[in-house]
Amino acid sequence: MMVTDNTEVKEKISVVIDRLYSNDPYILDRLEKLADLQVNKPKVYQNAIKILNAMK
Amino acid sequence: MSTWIPDNPIVGIERILNWMQDRKCAYFTIYDSDREDSDSSKGRKKIATNTDTTDDLETGIRRLKGVLNDYVEGLTGYLWVKPAKEGKAGGFYTCFKIYSTNGVSREPVNPIASIGSIDDLKNQIRSEILKDIEHDNLKKEVLELKEQNKNLQPGIMENVVNDIWGTIKPFAPVIAKQMFLANPASVISGNRSDAKSTDTDNHTDDKGSNEEEKAHKLQLALERLYAKDPEIVGKLEKLADLQENDPDTYEQATSMLDTLS
């Protein structure tokens with residue numbers, strides 16, 4: 001799959017990674033896992049999304 | 001000198017004190033039993049209290065700290081706390097089982113029966129999070145806890161929540177570690193350099209030295225995520241907001257993510 005060439009999206013992704021990483025050193029592992037799940041286990045990935053959606 | 005600590009160490013005495021502070025619970029009583037026998041000769045014995053005082057919140061908590069920090073090792077107690085109400089104590093509504101120790105930790109034994117309504121329980125454990133998660137064992141254990149607590153009197157569900165976190169602890173090692181650390185704020189709220197040193201402490205040196213490369217790989221991974229699910233960035237922004245504004249909920253969310261495989 002092609003990565004995005006949208007500069008704005010790249011910037012938003014970079015910012016959100018930076019924000020999350022500044023307080024959570026484990027977030028890189030977690031987000032890598034999320035990316036793997038999306039590719040390899042779509043159903044489990046959907047469960048992860050449900051968790052994120054359930055957050056107030 | 002010994003000190004009282006909760007029977008369930010996940011609670012942590014500091015968490016109890018913070019909990020009291022948040023709810024303006026200035027009054028406490030420690031009994032030697034959880035029985036409410038009307039016959040005083042058979043009933044519970046009052047070990048310490050400040051309900052006969054007019055302590056304000058600060059004074060009440062300071063007095064409780066003094067009591068908790070100086071007791072004979074080996075005693076078991078039941079700490080009931082309640083808020084100040086117009087200068088007088090209101091109704092007791094929360095109990096923590098505690099025991100005195102010389103500081104040597106032990107595994108939780110017989111966590112106290114939890115009190116509160118099933119609705120409180122549902123709210124506290126973010127049942128919405130658990131609802132759709134495909135983890136049968138976890139769901140079963142949470143449902144059992146709900147069942148065990150359904151007939152108990154209304155009140156605060158702190159103990160229930162902590163019991164549940166105790167149950168899911170094997171699935172959330174990072175969260176459990178943070179709870180057990182003497183100064184969880186150093187982990188939860190550390191800056192980037194703190195975070196890196198923590199990471200280095202817990203991972204191999206090789207892994208620690210590859211953070212930048214990892215972040216780059218992650219950037220690419222997230223861009224791929226975005227290509228398939230454009231809403232993911234918004235969700236992660238929400239997660240970042242949560243991390244900044246509600247660290248407890250953030251911990252819950254990430255611990256649940258950690259259970260997925």
Under a 4.5 Å heavy-atom cut-off, does chain A meet the side chain of B:E244, its backbone, both or neither?
side chain
Would you mind telling me which of A:L31, A:L34, A:V15 has the largest number of heavy-atom pairs within less than 4.5 Å of chain B?
A:L31
Note: A:K12 and B:V233 closest approach over all heavy atoms is CB-CG1, 4.1 Å
For B:D241, enumerate each residue passing the side chain to side chain donor-acceptor pair (under 3.5 Å) test, keeping only those at least two apart in sequence or located in another chain.
A:R19
Hey, could you give me the CD1/CG distance between A:I17 and B:L236, rounded to the nearest 0.5 Å?
8.5 Å
Do you know the tightest heavy-atom contact between B:A240 and A:V16?
CB-CG2, 4.3 Å
Return the CD to CG distance between A:Q46 and B:D229, rounded to the nearest 0.5 Å.
7.5 Å
